[in-house]
Each structure stands twice: as C-alpha cells, then as structure tokens.
Amino acid sequence: MANGQWFPPDWPDRIRALADGALTPVRPKRAATVMLLRDTGAGPAVHMLRRRASMAFAAGAYAYPGGGVDPRDDDRTIRWAGPARAWWADRLGVDGTTAQAIVCAAVRETYEEAGVLLAGPGADSVVGDTTGEDWEADRAALVARELSFAEFLDRRGLTLRSDLLGAWTRWITPEFEPRRYDTWFFVAALPEGQRTRNASTEADRTVWIRPQDAAAGYDRGELVMMPPTIATLRQLIPYASPAEALAAAPDRDLTPVLARARLEGGEVVLSWPGHAEFTKHVPADVQEGPLA
C-alpha cells in the first residue's frame, strides 16, 4: 500500500448498500480517547497502542487509549475538579450528565489501557505511581466492569482532574459501519511520577513516538492507522510541548467529522469533510473488491 491507511474489507459492499438505500445506519455509541503527551526535549511524544493481529477490527493498527462510555460514568457522586460540568457540556455540545460521562470515560479508559490516572487526593494534586498489586486489582475490576469508576474514586478518596484534559476533536464512525462510535478525542500530559504500560488486552505493543515520526511512518506504509488517528497526529505536529497543545485545545472546533458516501457518475465516493487525503472511489458496478 502507498501509505498506512486501514479500511475494513467489507466497506465497498456496505457503502454500495447504503447508497442504494438497503442499509439502515445504527445509532453510534458515545466514546472517548486520549492522546497522552510527554516532553522529549525535541517536542512532544504521544503514547500509542498497536492493536493485536488477532483482533477482528483494525488488526495491527496504531491507536490511542480509549473506549466506550460506561452507563455508570455519569454517577453524580464523583468528586470533580476543573471546569464545571456545565462548561464541559457547552464545550462538548451535550447535556451536563452526558458531558460528565464522556470526561469520566476519557480518564477511566486511560487508566484501564495505559495505567495512567488523571485524578488526585485534591483539586490541585495528582496521584504518583499507580503500579502495585492493589492498583492492578482495582484496574482489573474496572476493566471487568465489576467496579464503577465512581466507586473506584470514592474508595481511594480521589478527585477527577477534568482540568488536565483538553477536548481536541470529534469523529463519528461512518453510517455504513455495523459498529459505530461518536468519539471525542482529548489531549493530556503525562502526570509527573506516573508511567505508561501496556495494560490493554487488545494491544500487543505500546510506544512513545513524536507525532511527526508517526506520521512519516504512516506515509511510508510502515505504521497502519485509521483516518482519525493519522489526522489527529498531523494536527499535533505544530506544537512544541504538551503544554502548548493543551493551551490550544479550548479553541479547537469540535464539529463532528463524519464520512459521507455518495454516488457520483459510475462511482461511489467516500469522503471525510475537511480531510481530502482519505477520499476513496469505489466503482458502482463492482460487487466485490478493495477501496481504490
């Protein structure tokens, strides 16, 4: 392949079915993912996971820690620091309860998949080392959904630090996909004293890599990524530090990016508004075959 773009093999048929009116889009589930950054002395590096080759979806693709919203993520007993829920509701374009659920999902998933926790004993503190058997037991219970995030924070007397997150962009899975997500992407800096690790059962490798190096690897076809991942990496390149990226986050446009499929001449055209590099053309009269 010319670059590291990854597209599911069944997309051509599903695109044609959507264009023909034979496919009804499913409702996307809310999700959150976090671009965790750290200083390197030569610009920021971002923490990425490589999905296991055995995964049915996006096998071998690089991504960020993240996942779906747990229905319990909007539990009102959560201790909260940083911008108020009303501020987050306005920023994310949702109601207050949903805003808390999305922010909590971002923090929870980062802890579940990377072992990094954006929370502390108070509004101005962050926990240090989160390794050890007791921390691992709680993390495993969160992953298994045996423990809610609110229960976890309450048990440890922790406050969620929403001020350590910056909402960056929002992507919605294309309408022709059988599993769809409405995903908010956040940026955050690695807290002092904490370190990442591969805590995800879905990843076989984790790396710290500068956004420009990851994008170059994608362009050479060496690193496989889906459109939202490479798009956000390119957006991070101009920033000289995690602090700069976080400072820029409040002014970023969170209008959802949603792929569109349309019939044009003898082709089905798949495009992402504002991201011309991902445009794909599928011959309308071909029943099977890859995206071109």
Sequence neighbours left out, cut at 3.5 Å: what donor-acceptor pairs do the side chains of residues 25-39 make with other protein atoms?
from: Thr33; atom 1: OG1; to: Pro65; atom 2: O; distance (Å): 2.7

For Ile78 against Ala150, the heavy-atom pair lying closest together: CG1-CB, 3.6 Å
N/O donor-acceptor pair under 3.5 Å between Glu136 side chain and Thr131 backbone: no
Do Trp272 and Pro228 touch side chain to side chain, with heavy atoms closer than 4.5 Å? no
Has Asp129 got more than 12 heavy atoms of other residues, nucleotides or ligands less than 6.0 Å from its CG? yes
Find out whether Val116 and Pro191 are in side-chain contact, i.e. whether some heavy atom of one side chain is under 4.5 Å from a heavy atom of the other. yes
Drop me the distance from Asp213's CG to Thr40's OG1, to the nearest 0.5 angstrom. 9.0 Å
Hphob cluster co-occupancy, Leu153 + Ile102, side-chain heavy atoms under 4.5 angstrom: yes
In Å and rounded to the nearest 0.5 Å, what is the CZ to CG distance from Phe149 to Leu142? 7.0 Å
Leu160 vs Cys104, test: side chain to side chain contact (heavy atoms under 4.5 Å, CB included). Steps then yes/no. CA-CA 8 Å; Leu160 182 146; Cys104 285; 3.7 Å; yes
Residue pair Leu49, Arg205: steps toward the side chain to side chain contact (heavy atoms under 4.5 Å, CB included) verdict: CA-CA 6 Å; Leu49 312 95; Arg205 183 190 183 203; over 6 Å; no
Does the plane of the ring in Trp171 sit parallel, tilted or perpendicular to the ring in Phe278? Use 30° and 60° as the thresholds. perpendicular
Closest non-hydrogen contact found for Ser125 with Gly122 is OG-N, 2.9 Å
Taking all non-hydrogen atoms of both residues, which atom of Ser241 and which atom of Pro44 are closest, and how far apart? N-CD, 3.7 Å
Is Leu158 close to Val127 at the side-chain level, that is, under 4.5 Å between some pair of heavy atoms? yes
Please determine if Arg156 forms a cation-pi arrangement with Trp135, meaning its NZ or CZ atom is less than 6.0 Å from the six-membered ring centre and no more than 45° off the ring axis. yes
Does the ring center of Phe152 lie less than 6.0 Å from the ring center of Tyr111? yes
Considering only heavy atoms from C-beta outward, does the side chain of Leu118 approach that of Leu165 to under 4.5 Å? yes
Is there a continuous path of hydrophobic side-chain contacts, each under 4.5 Å between heavy atoms, that joins Val103 to Val126? yes
For a salt bridge (charged side-chain N to carboxylate O under 4.0 Å, His left out) check, start with the C-alpha distance between Arg220 and Glu222, then their side-chain angles and the critical distance, and finish with the verdict. CA-CA 5 Å; Arg220 292 191 300 266; Glu222 297 170 0; 3.0 Å; yes
Can you confirm whether the side chains of Gln212 and Arg234 place a donor and an acceptor under 3.5 Å from each other? no
Taking the side chain as C-beta and beyond, is there a heavy-atom pair between Thr206 and Trp208 under 4.5 Å? no
If you round to the nearest 0.5 Å, how far is CG of Asp253 from OG1 of Thr169? 7.5 Å
For Asp124 and Arg161, which heavy atoms make the closest approach, and how far apart are they? C-NH1, 3.5 Å
If hydrophobic clusters are built by linking Ile, Leu, Val, Met, Phe, Trp and Tyr wherever their side-chain heavy atoms come under 4.5 Å apart, do Ile172 and Met226 end up in the same one? no
Please report the closest heavy-atom contact between Asp163 and Gly82, naming both atoms and the distance. CB-CA, 3.7 Å
Test of ring centre spacing under 6.0 Å for Tyr64 and Trp184: no
Taking Thr130 for its side chain and Gly115 for its backbone only, find out whether a donor-acceptor pair lies under 3.5 Å. yes
Exercise: do Thr232 and Trp168 side chains pair donor with acceptor under 3.5 Å: no
Do Leu236 and Val187 pass the side chain to side chain contact (heavy atoms under 4.5 Å, CB included) test, and can you show the C-alpha distance, the side-chain angles, and the key distance before you say yes or no? CA-CA 10 Å; Leu236 289 172; Val187 290; 4.1 Å; yes
Are the side chain of Arg91 and the backbone of Ala167 linked by a donor-acceptor contact shorter than 3.5 Å? yes
Main-chain N/O of Pro174 paired with Glu177 side-chain donor or acceptor, under 3.5 Å: no
Donor-acceptor contact present, side-chain Thr110 to main-chain Ala106, <3.5 Å: yes
Close side-chain approach of Arg85 and Trp80, heavy atoms under 4.5 Å: yes
Among side-chain atoms of Gln100 and Trp88, is any donor-acceptor pair under 3.5 angstrom? no
Please report the interatomic distance CG(Leu254) to CZ(Phe185), rounded to the nearest 0.5 Å. 12.0 Å
Looking at Arg50 and Ala61, would you say the former's side chain and the latter's main chain have a donor-acceptor pair under 3.5 Å? no
Can you tell me how far apart CD (Glu192) and CD (Gln194) are? Round to the nearest 0.5 Å. 10.5 Å
Distance, nearest 0.5 Å, that separates CG of Asp134 from CZ of Arg155: 10.5 Å
Ile209 side chain near Met48 side chain, heavy-atom distance below 4.5 Å: yes
With a 4.5 Å cut-off on side-chain heavy atoms, are Arg108 and Glu113 touching? no
Donor-acceptor pair, distance only, cut-off 3.5 Å: does the side chain of Thr97 make one with the backbone of Asp74? no
State plainly whether one hydrophobic cluster holds both Ile237 and Ile230, where clusters connect Ile, Leu, Val, Met, Phe, Trp and Tyr through side-chain heavy atoms under 4.5 angstrom apart. no
Is Val269 reachable from Leu258 through a run of I, L, V, M, F, W or Y residues, each pair having side-chain heavy atoms under 4.5 Å apart? no
Looking at Thr196 and Leu190, what are the two nearest heavy atoms and their distance? CG2-CD1, 4.2 Å
